[in-house]
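First the structure, in the form of structure tokens, and then the observations on it.
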2 protein chains.
Amino acid sequence: MATKNAYCDCLETIKPVRDALDVISGKWKLPIIISVGVGNARFTDIQDSIPGITPKVLAKELKELEQHKLVKRIITDGYPVRISYKLEVYADTLTPIIYSLKDWGVNHRKKIIQKE
Amino acid sequence: MATKNAYCDCLETIKPVRDALDVISGKWKLPIIISVGVGNARFTDIQDSIPGITPKVLAKELKELEQHKLVKRIITDGYPVRISYKLEVYADTLTPIIYSLKDWGVNHRKKIIQKE
DNA sequence: TTTTTCACTTTCCTTCGGGAAAGTGCTATA
DNA sequence: TATAGCACTTTCCCGAAGGAAAGTGAAAAA
């Protein structure tokens, strides 16, 4: 009985975790969400706030985040047309994930430094 | 003032999140940890519990998880030498991440189904 | 008039993740 | 004796991720 349950619980957890990973995994998506969430709204500001990201990658990732309804692109008409990025309300649902990853990362770094 | 803080908070969050992503991102690492955590200890049991994984990928990912001290490989001598996998205690620290991803994934699927 | 800024795009190239399929050396089972 | 299972390894291959560097078109600033 315990054997069967093990297999079941396993898939019940793996499936939604994989759904989540499909949307937010990768090197850049969460860093971009964090940066935009904290107030960086302009392309170059976001770029400057994330060490190592190139404009090509940033443009591509922003498009994907738009498609997933996590970020919105706002065009403000004017003599220079201004473009800014904001988080959709839906992106707030990622907060628990971001904080659990942050806490784990802080702790993991401590563990690594201790050992080596 | 708020402007400067935005930039600072941003890096303070991005850095540990990226440390965490370096260890656990990718398609297979968390599914493997979930499967082993639930009691699957043999190579083929783990393989069978994760839809789509190939033995090559499973072997590679298990090695990386060993190196990160998240999984241990146990060799039991005997006439057929038995190999089993278990989670290190340290892997328990991933539980909050796994549950926040699971919850988000469940909810996300609901959202997608509603819309389409 | 020249330079700079903004928000990207384009091109080229390398690396990495990962799939398919077969093989391996051993043992257990029929 | 032949087949199946276990725990992988090996080979080949492909597409996506992602880096470097330059370009682009408009407008603002010097």
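Spacing between atom CG of B:Asp22 and atom C1' of D:dG18 amounts to 15 Å, rounded to whole angstrom units. At whole-Å resolution of the value, CG in A:Asn40 and C1' in C:dC6 are 15 Å apart. Between the P atom of C:dC6 and the CD atom of A:Gln47 lies a distance of 11 Å, rounded to the nearest Å. Taking atom CD on A:Glu66 and atom C1' on C:dA7, their separation rounds to 13 Å, with Å as the unit. Look at CZ on B:Phe43: it is 14 Å from C1' on C:dT24, rounded to the nearest Å. One can place CD1 of A:Ile32 at 15 Å from C1' of C:dA7, the figure rounded to the nearest angstrom. Note: CG (A:Asp45) to C1' (C:dA7) measures 12 Å, nearest angstrom. Rounding to whole angstrom units, CG of residue B:Leu58 and P of C:dA20 are separated by 15 Å.
Side-chain proximity of A:Lys60 to the nucleotides D:dC6, C:dC8, D:dG18 is greatest for D:dG18. Closest to the A:Pro55 side chain, of the nucleotides C:dG18, C:dC8, D:dC8, is C:dC8. Comparing C:dA7, C:dC12, D:dA7 against the side chain of A:Lys56 picks out C:dC12 as the nearest. Comparing D:dC6, D:dG18, D:dT9 by their nearest atom to the side chain of B:Lys63 picks out D:dT9. Taking every side-chain heavy atom of A:Glu61 into account, D:dG18 is the closest of D:dG18, C:dC6, D:dC8. The listed nucleotides are C:dA20, D:dG18, C:dC8; the one nearest the side chain of A:Ile83 is C:dC8. Comparing D:dC8, C:dG18, C:dT11 by their nearest atom to the side chain of B:Tyr85 picks out D:dC8. Proximity note for A:Lys27 (side chain, C-beta onward) versus D:dG18, C:dC6, C:dA20: the nearest is D:dG18.
B:Val36 places none of its side-chain heavy atoms less than 4.5 Å from the side chain of B:Val38. No side-chain heavy atom of A:Leu70 sits under 4.5 Å from any side-chain heavy atom of A:Leu87. A:Trp104 has its side chain within reach of B:Leu94: a pair of non-hydrogen atoms, C-beta onward, lies under 4.5 Å apart. Residues B:Gln47 and B:Pro55 form a side-chain contact, since some pair of their non-hydrogen atoms from C-beta on lies under 4.5 Å apart. The shortest side-chain heavy-atom distance between A:Val71 and A:Arg73 does not fall under the 4.5 Å cut-off.
Distances shorter than 4.0 Å separate some side-chain N or O of B:Arg73 from OP1 or OP2 on D:dC8. Taking 4.0 angstrom as the limit, A:Thr44 places a side-chain polar atom (N or O) nearer than this to OP1 or OP2 of C:dA7. Side-chain nitrogen and oxygen atoms of B:Arg42 include at least one within less than 4.0 Å of the OP1 or OP2 phosphate oxygen of D:dA7.
Of the two residues contacting DNA chain D, namely B:Val57 and A:Ile53, the nearest-nucleotide position lying further toward the 5' end is that of B:Val57.
Judged by distance alone, the side chains of A:Ser25 and B:Ser25 never bring a donor and an acceptor atom under 3.5 Å apart.
At the heavy-atom level, B:Arg82 lies nowhere under 4.0 Å from the strands shown.
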